[in-house]
Enquirer: 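My questions will all concern the structure given below.
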Amino acid sequence: MQELNEQTEQRLKKLQELREIDLDPYKQTFNPEHRARDLIDSFSNHSKEELERQDIQVSVAGRIIALRDFGKASFAHIQDSTGKIQIYIKRDILAEDFSIVKKIDIGDQIGVKGRLFRTKTNELTIEVKNLVILTKCLYPLPEKWHGLKDIELRYRQRYLDLIVNPEVKEIFAKRSAIIKAIRDFLEAKDFIEVETPMMHLIPGGATARPFKTHHNALDIDLFLRIAPELYLKRLLVGGYEKVFEINKNFRNEGISTKHNPEFTMMEFYVAYKDYNFLMEFTEELITSVAMKVIGSLKIPYDDVVLDFTPPWNRIPMLEALIEAGVPESILNDSEMASTWAKQKGIDIPKDASLGKIIDEIFKEIVEPNLIQPTFIIDYPVELSPLAKKKPDNPQLVERFELFIAGREIANAFSELNDPIDQRQRFQKQVEAKMRGDEEAHEMDEDFVRALEYGMPPAAGEGIGIDRLVMLFTNSKSIRDVILFPLLKPERA
RNA sequence: GGGCCGUUAGCUCAGCUGGUAGAGCAGCUGACUCUUAAUCAGCGGGUCGGAGGUUCGAAUCCUCCACGGCUCACCA
């Protein structure tokens, strides 16, 4: 319990008084037969007179969010998961002792039964015959017309945010709809949904720093996964041809409006296909989600309108750089590239490979300008140790990233299935790690062994679900699409 | 981690160049049987984020700390 203030004391006193008359407000059950939104929708065409004639009995349960007391009658609005509806409690009609109405506070949850009618102002209202207090609320709710604005409180006490800010509920309803649409789409195409480990002996499948934990009985260190990729590909070896997983990844890195340490990723793999297939597939997937969830391919985000109408632009990474004004002559030489980047004020880590330098330049000068959906294709091989090389240019791999609103939304490639090449790429990563690159991949012998048994040619992709939800809900911060974003503890 | 900004009643916010802390909602008491930001009369409610410092005197100025926001760096 927080420090007792005057308001909580009042509420505790009412709670005690209710218990004294044998109405403990935490014990009853209640079976509402109706929900607020349904009632308002179903009876929108019923006039005042029709309602008087028909005597429609309903029951709803919900939280009191507004209360107007008139002495021998009261109006209130109660809110359930669907919306709110007005109730009218009149002493002459209420079956219970009217004095319990004085024990009700804003925030309490009640169940009511009674007759539908329309007030003078034509608002659909329940005339309460029976009333039961289901749960006492011991704190005052945030203020009725400004709501809860304090961002820190909204994240720390998301339950309060959800109670008083209806638009927040809509965001998470949309999040649920987006994930369902993705699942439906993939299942309709015969994908099988799987779950692979969250705890990895070797963190792999992405370049990122992991969280470390420990298994006591086995006395081994484990890492929370940074990606499911290497396990999903083992399933291709095992004979599945279409698999996907929607689940959390954990990366031990900074927190920002675009990053939460745990975030939701959808990864899927298709046998016998390459990254060209995946680009069309991605267009189909995301437009299908947009149509189902938003009902349009033109979606406002921040101060632009995102147009998802396919086909989306496909630009090779090097071309995108040249278009953005990077001299072609520096793109083959890490010395020159590094010098050019530094002149432009771009930080280049020492010992960076040419690919890494090019990537840094790309992130700085191209990425923020990729507003409309755009596939950037053909990445330097050093950046992509799990992707298949292009047959006509072994410096590049068959990989694309999808950018929307200046952010990476998806990452995909033709999967490297040559075990000898894979082993060499891991070895290069291990060397980079020895030189101090904390994010370089580790050798995963079992994964290489799986490839040695033979993985069919395949294409795979990861889509950042939180970021996709941000786009479809016009949210500027990832914290607005994650119910409980990570925050520091309240008190030291 | 760096920079900038913020933290005052349960909530939303005022509080000027330093002079004993304010409003609205919410709460309490009373009136009121169609209100919806109900209305009317009255009343209570504060460790001004925390700790130091300057000063006769600090919500206000200074230092440190905590938490948050934006941003840069790292990343998806």
Side-chain angles (χ1 to χ4, degrees), chain A residues 2-11 13-14 48 65-77 84-94 98 101-102 105-107 117-123 125 127 137-157 160 163-164 205-209 226-227 249-267 345-347 349 359-360 363-364 367 401-403 407-411 438-439 462-468 470 476-479 485 487-492:
Chain A
Q2 292 169 21
E3 63 283 358
L4 281 191
N5 70 31
E6 185 195 9
Q7 308 219 26
T8 297
E9 274 176 30
Q10 285 295 340
R11 285 165 182 252
K13 189 173 144 219
K14 289 177 186 172
K48 198 177 169 105
I65 53 165
L67 183 60
R68 296 174 290 280
D69 172 30
F70 284 82
K72 296 183 185 65
S74 283
F75 283 93
H77 275 91
K84 59 184 182 177
I85 188 165
Q86 182 168 254
I87 62 173
Y88 181 45
I89 311 167
K90 197 174 174 184
R91 193 179 67 173
D92 298 350
I93 297 203
L94 187 69
F98 192 74
V101 176
K102 305 298 175 195
D105 289 301
I106 292 172
F117 76 107
R118 283 190 186 279
T119 61
K120 276 205 295 212
T121 55
N122 221 34
E123 178 166 349
T125 302
E127 183 188 72
C137 174
L138 296 179
Y139 298 117
L141 292 187
E143 206 239 11
K144 63 184 163 195
W145 62 87
H146 295 102
L148 182 65
K149 285 230 164 74
D150 185 307
I151 289 183
E152 185 176 353
L153 277 185
R154 289 186 45 221
Y155 296 152
R156 282 195 200 284
Q157 295 179 255
L160 263 189
I163 291 168
V164 299
T207 52
R209 287 190 297 182
I226 54 176
N249 288 348
F250 306 84
R251 299 191 184 173
N252 205 340
E253 277 152 7
I255 297 176
S256 77
T257 49
K258 299 178 190 68
H259 303 87
N260 195 58
E262 58 177 297
F263 63 101
T264 302
M265 179 74 103
M266 195 277 281
E267 283 203 14
I346 301 168
D347 266 351
D359 191 44
E360 293 293 332
K363 278 178 182 164
E364 192 69 26
E367 190 170 315
E401 291 193 330
L402 170 62
F403 292 90
R407 296 187 195 127
E408 183 188 340
I409 299 298
N411 178 23
E438 285 187 75
E439 291 174 349
I463 297 181
I465 297 296
D466 310 279
R467 290 182 175 185
L468 194 64
M470 285 171 71
K476 286 195 272 298
S477 170
I478 199 169
R479 293 180 203 103
L487 298 179
K488 287 193 194 177
E490 282 182 66
R491 288 203 182 90

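Below, chains carry the letters A, B, ... as their sequence lines are ordered, and counting in each starts from 1. Only this structure's heavy atoms are used, side chains among them; waters, hydrogens and symmetry mates stay out.
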Enquirer: Quick one: is A:Lys120 getting a side-chain N or O under 4.0 Å of the B:rC34 phosphate, OP1 or OP2?
Expert: no

Enquirer: For side-chain contact (heavy atoms from CB on, under 4.5 Å), just list the numbers for A:Leu141 and A:Ile163, CA-CA rounded to whole Å, side-chain angles, deciding distance to a tenth of an Å, and then say yes or no.
Expert: CA-CA 9 Å; A:Leu141 292 187; A:Ile163 291 168; 4.1 Å; yes

Enquirer: Aromatic rings A:Tyr88 and A:Phe75: how do their planes relate, parallel, tilted or perpendicular, breaks at 30° and 60°?
Expert: parallel

Enquirer: OP1 or OP2 of B:rU35 sitting under 4.0 Å from any side-chain N/O of A:Arg68?
Expert: no

Enquirer: By a 5.5 angstrom centroid cut-off and a 30 degree plane limit, is there stacking between A:Phe263 and B:rA76?
Expert: yes

Enquirer: Return the value, rounded to whole Å, for the distance between atom CD of A:Glu367 and atom P of B:rC72.
Expert: 12 Å

Enquirer: Rounded to the nearest 0.5 Å, what separates atom OG1 in A:Thr125 from atom CD1 in A:Ile89?
Expert: 11.5 Å

Enquirer: Would you measure the distance from the P atom in B:rG30 across to the matching atom in B:rG52 and give it in whole Å?
Expert: 44 Å

Enquirer: Counting C-beta onward and ignoring hydrogens, is there a side-chain heavy-atom pair between A:Asn260 and A:Asp466 closer than 4.5 Å?
Expert: no

Enquirer: Distance check: side-chain N/O of A:Thr207 vs OP1/OP2 of B:rA76, anything under 4.0 Å?
Expert: yes

Enquirer: Answer yes or no: side-chain N or O of A:Gln86 and base N or O of B:rU35 forming a donor-acceptor pair under 3.5 Å.
Expert: yes

Enquirer: Please tell me if the side chains of A:His77 and A:Lys144 come closer than 4.5 Å, counting only heavy atoms from C-beta onward.
Expert: no

Enquirer: I'd like the P distance from B:rG45 over to B:rG19, given in whole Å.
Expert: 24 Å

Enquirer: Could you tell me whether A:Gly462 contacts a base, only the sugar-phosphate backbone, or nothing, with contacts defined as non-hydrogen atoms closer than 4.0 Å?
Expert: nothing

Enquirer: Could you measure between the two P atoms, the one in B:rC16 and the one in B:rC25, and give it in whole Å?
Expert: 24 Å

Enquirer: On a whole-Å scale, what distance lies between the C1' atoms belonging to B:rA26 and B:rC62?
Expert: 37 Å

Enquirer: Just verifying a value: how many Å separate A:Arg156 CZ and A:Ile151 CD1, rounded to the nearest 0.5 Å?
Expert: 13.0 Å

Enquirer: How would you label the contact of A:Phe403 with the nucleic acid (heavy atoms, under 4.0 Å): base, sugar-phosphate, or nothing?
Expert: nothing

Enquirer: Measure the distance from NZ on A:Lys102 to P on B:rC32 and round it to the nearest whole Å.
Expert: 10 Å

Enquirer: Within the 3.5 Å criterion, strictly below it, is a donor on A:Glu439 or A:Thr207 matched to an acceptor on the partner's side chain?
Expert: no

Enquirer: Between B:rC34, B:rU12, B:rA76, spot the one nearest the side chain of A:Lys363, thanks.
Expert: B:rA76

Enquirer: When the distance from CG of A:Asp69 to C1' of B:rU39 is rounded to whole Å, what number comes out?
Expert: 12 Å

Enquirer: Under the criterion side-chain contact (heavy atoms from CB on, under 4.5 Å), I'd like the reasoning laid out for A:Asn411 against A:Glu401: C-alpha separation, chi angles, the key distance, then a yes or no.
Expert: CA-CA 4 Å; A:Asn411 178 23; A:Glu401 291 193 330; 3.6 Å; yes

Enquirer: Taking the C1' atom in each of B:rC5 and B:rG44, what is the distance between them to the nearest angstrom?
Expert: 35 Å

Enquirer: So what does the secondary structure string of RNA chain B come out as, 5' to 3', with Watson-Crick or wobble pairs under 3.5 angstrom, [ ] for crossing and | for pairs with another strand?
Expert: (((((((..((((.....[..)))).(((((.......))))).....(((((..]....))))))))))))....

Enquirer: Give a yes/no on whether any side-chain N or O of A:Thr125 is located under 4.0 angstrom from OP1 or OP2 of B:rC34.
Expert: no

Enquirer: Regarding A:Asp92, tell me which of base, sugar-phosphate or nothing describes its non-hydrogen contacts under 4.0 Å with the strands shown.
Expert: base

Enquirer: Enumerate all atom pairs, one protein N or O and one N or O from nucleotides 24-27 of chain B, separated by less than 3.5 Å.
Expert:
residue : atom : partner  : partner atom : Å
B:rG24  : N2   : A:Glu143 : OE2          : 3.3
B:rC25  : O3'  : A:Lys144 : NZ           : 3.2
B:rA26  : OP1  : A:Lys144 : NZ           : 2.7
B:rA26  : O2'  : A:Gln7   : OE1          : 3.4
B:rA26  : N3   : A:Gln7   : NE2          : 2.8
B:rG27  : O4'  : A:Gln7   : OE1          : 3.1

Enquirer: Could you check whether A:Arg479 gets within reach of a base, just the sugar-phosphate, or nothing at all, counting any heavy atom under 4.0 Å?
Expert: sugar-phosphate

Enquirer: Measure from the side chain of A:Thr119, starting at C-beta and using heavy atoms only, and say which of B:rA76, B:rG68, B:rC34 lies closest.
Expert: B:rC34

Enquirer: Under 4.0 angstrom, heavy atoms only, what part of the nucleic acid is A:Leu153 near: base, sugar-phosphate, or nothing?
Expert: sugar-phosphate

Enquirer: Considering only the P atoms, how many Å lie between B:rA58 and B:rA51, rounded to the nearest integer?
Expert: 14 Å

Enquirer: Enter the distance from A:Lys90:NZ to A:Lys72:NZ here, rounded to the nearest 0.5 Å.
Expert: 13.0 Å

Enquirer: Rounded to the Å, how far apart are A:Arg156 CZ and B:rC11 P?
Expert: 14 Å

Enquirer: Looking at A:Lys102 and A:Asp69, is there a salt bridge between them, counting it only when a charged N and a carboxylate O are closer than 4.0 Å?
Expert: yes

Enquirer: Provide the distance between the two P atoms, one in B:rC48 and one in B:rG10, to the nearest whole Å.
Expert: 12 Å

Enquirer: Roughly how many Å is it from OH in A:Tyr155 to P in B:rC67, rounded to a whole number?
Expert: 17 Å

Enquirer: Quick one: label A:Gly464 by what it contacts on the DNA or RNA (base, sugar-phosphate, nothing), any heavy atom closer than 4.0 Å.
Expert: nothing

Enquirer: Check whether any side-chain nitrogen or oxygen of A:Lys90 sits under 4.0 Å from OP1 or OP2 of B:rC34, and answer yes or no.
Expert: no

Enquirer: Please tell me which of A:Gly147 and A:Arg118 maps to the more 5' nucleotide of RNA chain B, matching each residue to the nucleotide holding its nearest heavy atom.
Expert: A:Gly147

Enquirer: Would you mind telling me which of B:rA76, B:rU33, B:rC70 lies closest to the side-chain atoms of A:Arg467?
Expert: B:rA76

Enquirer: Let me know the distance between CZ of A:Phe70 and C1' of B:rG30, rounded to the nearest Å.
Expert: 16 Å

Enquirer: Rounded to whole angstroms, how far apart are CG on A:Asn260 and C1' on B:rC74?
Expert: 15 Å

Enquirer: Can you list everything that forms a salt bridge (charged side-chain N to carboxylate O under 4.0 Å, His left out) with A:Arg479? Sequence neighbours excluded, please.
Expert: none

Enquirer: What's the gap between B:rA59 and B:rU20 when it is taken at their P atoms, as a whole Å value?
Expert: 10 Å

Enquirer: Evaluate the side-chain contact (heavy atoms from CB on, under 4.5 Å) criterion for residues A:Gln86 and A:Arg68: first the C-alpha distance (whole Å), next the side-chain angles of each, then the deciding distance (0.1 Å), finally the verdict.
Expert: CA-CA 11 Å; A:Gln86 182 168 254; A:Arg68 296 174 290 280; 2.8 Å; yes

Enquirer: Return the value, rounded to whole Å, for the distance between atom NZ of A:Lys149 and atom P of B:rG6.
Expert: 19 Å

Enquirer: Nearest to the side chain of A:Glu364, heavy atoms from C-beta on, is which of B:rA73, B:rU12, B:rC34?
Expert: B:rA73

